[in-house]
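Hydrogens, waters and symmetry mates are skipped; everything else that's a heavy atom, side chains included, is used. Chain A is the first sequence line, chain B the second, and so forth, proteins listed ahead of strands; every chain is numbered from 1.
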Number of protein chains: 2
Amino acid sequence: MKPLFHPDTADIQLSSVLYALSDPVRLMIVFKLKQAGERACGDIELPIAKSTVTHHSRTLREAGIIRTRVHGTQRILSLREDDLETRFPGLLNSILASYEDTVEI
Amino acid sequence: MKPLFHPDTADIQLSSVLYALSDPVRLMIVFKLKQAGERACGDIELPIAKSTVTHHSRTLREAGIIRTRVHGTQRILSLREDDLETRFPGLLNSILASYEDTVEI
DNA sequence: TCTATTGTTCGATAATCATAGTACAATAAA
DNA sequence: TTTATTGTACTATGATTATCGAACAATAGA
């Protein structure tokens with residue numbers, strides 16, 4: 001397995017964050033992590049194939065939005081809330097609030 | 001000239017807004033509009049071809065982020081700040097604040 | 001050790017996109 | 001009316017992307 005790249009907090013790019021969150025599936029993943037705290041990849045109910053989940057997870061991780069931790073055969077995903085708050089104060093919460101207003105939970 | 005489509009405020013999609021703002025050029029356009037109030041297409045200094053500016057303007061307009069008004073041979077662009085504030089309170093300012101923190105103006 | 005679980009990697013595909021150049025349309029100005 | 005200005009329409013292109021299936025790797029459990 002390849003090592004899991006996570007950008008340093010200072011290297012998180014606004015454009016990358018916005019792009020990563022512009023996909024409905026990824027936004028859903030992030031929202032569920034916000035609610036659940038952390039979750040294994042497979043425990044997030046999504047209407048897409050396994051390999052597609054991997055793709056979206058990588059996009060979110062490389063943008064600096066989530067952290068991936070290995071636990072047995074699982075990959076535990078968690079939101080980098082503190083890092084994002086440090087880098088872009090208020091941004092994540094503002095986006096998630098907009099999401100919550102838009103989607104029926 | 002084709003009619004200029006502008007989505008109703010209620011039809012503005014979060015994903016579309018985030019996607020439109022995930023491009024550095026478009027983010028720059030929006031930031032300059034925030035500062036200038038409104039601007040003609042050609043008055044926004046950008047390192048890209050005319051036809052590419054048109055492309056980005058359309059993306060922003062169809063996402064509901066800017067309004068385009070015809071004035072002579074010019075197209076005047078303006079931010080739909082009030083509409084965005086109505087639809088997604090705090091979102092635009094939060095993104096622009098993050099942009100301002102990141103880029104040296 | 002064998003099997004099941006979990007997720008990645010690889011390859012493929014169809015779609016979208018950012019970019020540019022050229023030609024054109026609309027309007028203003030001379 | 002002719003010319004200049006401003007931006008769009010159209011076409012093309014190379015790059016990226018979201019998606020999937022099949023094969024593989026790593027680990028846990030029996």
Side-chain angles (χ1 to χ4, degrees), chain A residues 1-7 13-33 36 38-78, chain B residues 1-7 13-33 36 38-78:
Chain A
M1 180 190 50
K2 293 178 179 175
L4 297 172
F5 171 76
H6 294 82
Q13 297 299 310
L14 179 60
S15 293
S16 305
V17 169
L18 296 179
Y19 178 77
L21 296 179
S22 74
D23 182 276
V25 171
R26 290 193 290 261
L27 202 44
M28 186 183 299
I29 293 174
V30 168
F31 182 71
K32 291 189 175 191
L33 290 178
E38 61 176 27
R39 279 259 184 88
C41 252
D43 293 349
I44 307 173
E45 290 163 24
L46 296 168
I48 51 176
K50 274 196 309 178
S51 52
T52 308
V53 176
T54 297
H55 163 69
H56 286 309
S57 299
R58 187 176 54 234
T59 301
L60 288 168
R61 175 172 49 76
E62 292 179 347
I65 297 172
I66 67 172
R67 182 169 286 113
T68 301
R69 182 165 54 82
V70 177
H71 180 253
T73 60
Q74 301 189 114
R75 304 291 183 281
I76 311 293
L77 310 184
S78 58
Chain B
M1 181 191 49
K2 292 178 179 175
L4 298 172
F5 170 75
H6 293 83
Q13 297 299 309
L14 179 60
S15 293
S16 306
V17 170
L18 296 180
Y19 179 77
L21 296 179
S22 74
D23 182 276
V25 173
R26 289 193 293 260
L27 201 44
M28 186 182 299
I29 293 175
V30 168
F31 181 71
K32 292 188 174 190
L33 290 178
E38 62 175 27
R39 279 259 184 88
C41 252
D43 293 347
I44 307 174
E45 290 163 24
L46 295 169
I48 51 175
K50 272 197 311 178
S51 53
T52 307
V53 176
T54 297
H55 162 70
H56 285 309
S57 299
R58 187 176 53 234
T59 301
L60 288 168
R61 176 172 47 77
E62 292 180 347
I65 297 172
I66 67 172
R67 181 169 287 113
T68 300
R69 182 166 54 83
V70 177
H71 180 254
T73 60
Q74 300 187 114
R75 304 292 183 280
I76 311 293
L77 310 183
S78 58

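- OP1 and OP2 of C:dT9 both lie 4.0 Å or more from every side-chain N or O belonging to A:H55.
- Atom NE2 of B:H56 and atom P of C:dC17 are 12 Å apart (whole Å).
- Expressed to the nearest 0.5 Å, how far CZ of B:R69 lies from CD of B:Q74 amounts to 10.0 Å.
- For B:S51, the listed nucleotide lying nearest its side chain is D:dA9; candidates were C:dT9, D:dA9, D:dT8.
- Taking 4.0 angstrom as the limit, B:Y19 places none of its side-chain polar atoms (N or O) nearer than this to OP1 or OP2 of D:dT17.
- The base of D:dA26 lies outside donor-acceptor range of the side chain of A:T73, with no N or O pair under 3.5 Å.
- The CG-P distance, from B:L77 to D:dT8, rounds to 8 Å in whole Å.
- Checking the phosphate oxygens (OP1, OP2) of D:dC20, a side-chain nitrogen or oxygen of A:T52 falls inside 4.0 Å.
- For C:dT8, the OP1/OP2 oxygens have a side-chain nitrogen or oxygen of A:T54 closer than 4.0 Å.
- Between the NZ atom of A:K50 and the P atom of D:dA26 there is a distance of 15 Å, given to the nearest Å.
- Residue A:R75 has no polar side-chain atom (N or O) positioned under 4.0 Å from OP1 or OP2 of D:dA26.
- Taking every side-chain heavy atom of B:A49 into account, C:dG21 is the closest of C:dG21, D:dA9, C:dG7.
- A sub-4.0 Å separation between OP1 or OP2 of C:dT6 and a side-chain N or O of A:H71 is absent.
- A:I76 has its CD1 atom 13 Å from the C1' atom of C:dT5, to the nearest Å.
- Counting to the nearest Å, the P atom of D:dA18 and the CG atom of A:L21 are 12 Å from each other.
- With rounding to whole Å, A:L46 atom CG is found 14 Å from D:dA18 atom P.
- Taking only side-chain atoms of B:R58, from C-beta outward, the nucleotide of D:dG7, D:dA9, C:dT8 with the closest atom is D:dA9.
- We find that CZ of A:R39 is positioned 16 Å from C1' of C:dT6, with the value rounded to whole Å.
- In this structure, CD1 in B:I76 is found 13.5 Å from CZ in B:R67, a value given to the nearest 0.5 Å.
- For the pair B:L4 CG and D:dT8 C1', the computed distance is 10 Å after rounding to whole Å.
- Here the CD-OG distance, from A:Q13 to B:S22, works out to 13.0 Å after rounding to the nearest 0.5 Å.
- Place A:T59 and B:T68 on DNA chain D by their nearest nucleotides, and B:T68 ends up nearer the 5' end.
- Atom NE2 in A:H56 sits 6.5 Å away from atom CD1 in A:I29 (nearest 0.5 Å).
- A:E62 pairs by the salt bridge (Lys or Arg N to Asp or Glu O under 4.0 Å) definition with nothing, not counting sequence neighbours.
- In terms of phosphate contacts, A:R26 brings a side-chain nitrogen or oxygen within less than 4.0 Å of OP1 or OP2 of D:dA18.
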